[in-house]
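Presented below is the structure to which this report refers.
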Amino acid sequence: MPAPQPAERHWLSLDPAKPDELPRIAALAEFIWWRCYPPIIGPAQVHYMLGRGYALPALCEAHHGGTRFSLLRLVGLPIGFSAWRHEDGEAFLDKLYLHPGFHGQGLGHWLIQATCRQIAGEGIDRVRLRVNRHNDPAIRAYQRAGFLVSGSDCQPIGGGFVMDDYLMYRTGLLGLLLD
């Protein structure tokens, strides 16, 4: 059964985050990462990644650099977030996370679709992202939402760690505005 469309989920919203909501995003990221990522990348890399990209100073720097953060709210309660930025005529989806207590209910799909609609609203037809090659649930979720794998990339990120990712993309976002 397909996930309900946004009109059917009036109790869900994806709202642009204000700068004073970045601490909430940092707290959500910490909660989500510690519950989902240790089996994939190990606790040491989780700690490193949280400090590098999800601590409040890193989020503030990204926000000031043009990254657009949004909070997924369920009846007003933040349960996830996304972040994307313009890059070379397309969008780069940098972050998309859902509280693990809400996995398996179609909310992740809704979050992906709503984020793609936000991007389309800016006149952008293509989005790309990176996803850890061992994060099978996320890969499946992106594929169900129309993303395709375009390659893979393994790059050092410091601290003796690497990002071992699939590169994925989706085109046709402007068509979402017609739904």
Side-chain angles (χ1 to χ4, degrees), residues 2-29 32-33 49 52-99 102 106-132 135 138-151 153 155 163 165-179:
Q5 294 300 307
E8 298 170 2
R9 297 242 173 151
H10 60 277
W11 34 269
L12 270 180
S13 64
L14 184 62
D15 307 313
K18 299 175 186 90
D20 66 350
E21 293 177 307
L22 292 176
R24 181 162 288 180
I25 290 173
L28 263 172
I32 293 165
W33 272 72
M49 295 290 289
R52 179 178 182 260
Y54 298 87
L56 187 55
L59 296 176
C60 288
E61 183 179 328
H63 182 266
H64 290 300
T67 297
R68 297 168 186 229
F69 290 88
S70 294
L71 279 166
L72 174 65
R73 298 179 199 273
L74 174 66
V75 193
L77 177 70
I79 62 166
F81 65 95
S82 63
W84 64 274
R85 64 182 176 268
H86 291 269
E87 264 188 16
D88 302 322
E90 59 187 21
F92 178 71
L93 181 54
D94 189 34
K95 299 169 180 15
L96 192 135
Y97 297 100
L98 176 66
H99 185 292
F102 297 95
L107 301 179
H109 183 79
W110 192 94
L111 176 57
I112 294 169
Q113 293 295 93
T115 301
C116 287
R117 279 189 182 85
Q118 282 184 340
I119 293 167
E122 295 288 319
I124 300 170
D125 197 48
R126 179 182 162 100
V127 60
R128 61 187 178 79
L129 59 83
R130 302 177 68 101
V131 60
N132 186 286
N135 190 345
I139 293 165
R140 283 191 303 272
Y142 287 124
Q143 287 174 327
R144 282 192 302 268
F147 283 80
L148 301 171
V149 174
S150 63
D153 184 43
Q155 64 176 274
M163 285 194 333
D165 296 332
Y166 283 128
L167 308 175
M168 299 184 80
Y169 73 96
R170 179 177 171 182
T171 59
L173 299 186
L174 294 175
L176 293 171
L177 299 176
L178 303 174
D179 291 344

Task: By side chain to side chain contact (heavy atoms under 4.5 Å, CB included) - contacts of Asp125 (at least two apart) - done: Leu173, Leu174
Task: Ala26 to Leu56 - nearest heavy-atom pair and separation - done: CB-N, 4.2 Å
Open item on the list: Please report the interatomic distance NE2(His109) to CD(Gln113), rounded to the nearest 0.5 Å.
Closed with: 4.0 Å
Task: Straight-line distance of Arg170 CZ to Leu176 CG, nearest 0.5 Å - done: 5.0 Å
Task: Residue pair Tyr142, Leu93: steps toward the side-chain contact (heavy atoms from CB on, under 4.5 Å) verdict - done: CA-CA 11 Å; Tyr142 287 124; Leu93 181 54; 4.3 Å; yes
- [ ] Enter the distance from Gln155:CD to Arg130:CZ here, rounded to the nearest 0.5 Å.
- [x] 4.5 Å
- [ ] Look at atom CG of Asp20 and say whether more than 12 heavy atoms of other residues, nucleotides or ligands are closer to it than 6.0 Å.
- [x] yes
Open item on the list: Rounded at 0.5 Å granularity, tell me how far CG in Leu96 sits from CG in Leu111.
Closed with: 4.0 Å
- [ ] Would you please name every residue forming a side chain to side chain donor-acceptor pair (under 3.5 Å) with Glu61, sequence neighbours left out?
- [x] none
- [ ] Kindly give the heavy-atom pair with the smallest separation between Leu22 and Leu59, and that separation in Å.
- [x] O-CD1, 3.7 Å
TODO: List the atom of Ala17, the atom of His63, and the distance in Å for their closest heavy-atom pair.
DONE: O-NE2, 4.5 Å
Task: Atom of Ile32, atom of His99 and distance for their closest heavy-atom approach - done: CD1-N, 3.7 Å
- [ ] Begin from the C-alpha positions of Val131 and Asp165 and carry the test side-chain contact (heavy atoms from CB on, under 4.5 Å) through to its verdict.
- [x] CA-CA 5 Å; Val131 60; Asp165 296 332; 5.9 Å; no
Which donor-acceptor pairs under 3.5 Å do the side chains of residues 69-85 make with protein atoms, sequence neighbours left out?
unit_1, atom_1, unit_2, atom_2, d
Ser70, OG, Gln118, OE1, 3.2
Ser70, OG, Gln118, NE2, 3.0
Arg73, NE, Asp15, OD2, 2.9
Arg73, NH2, Glu21, OE2, 2.5
Ser82, OG, Thr115, OG1, 3.0
Arg85, NE, Glu87, OE2, 2.9
Arg85, NH2, Glu87, OE2, 3.1

Task: Side chains of Glu90 and Ile119 in contact at under 4.5 Å (non-hydrogen atoms) - done: no
Task: Rounded distance [0.5 Å steps], OH in Tyr97 versus OH in Tyr54 - done: 2.5 Å
Task: Between OG1 on residue Thr67 and NZ on residue Lys95, distance to nearest 0.5 Å - done: 7.0 Å
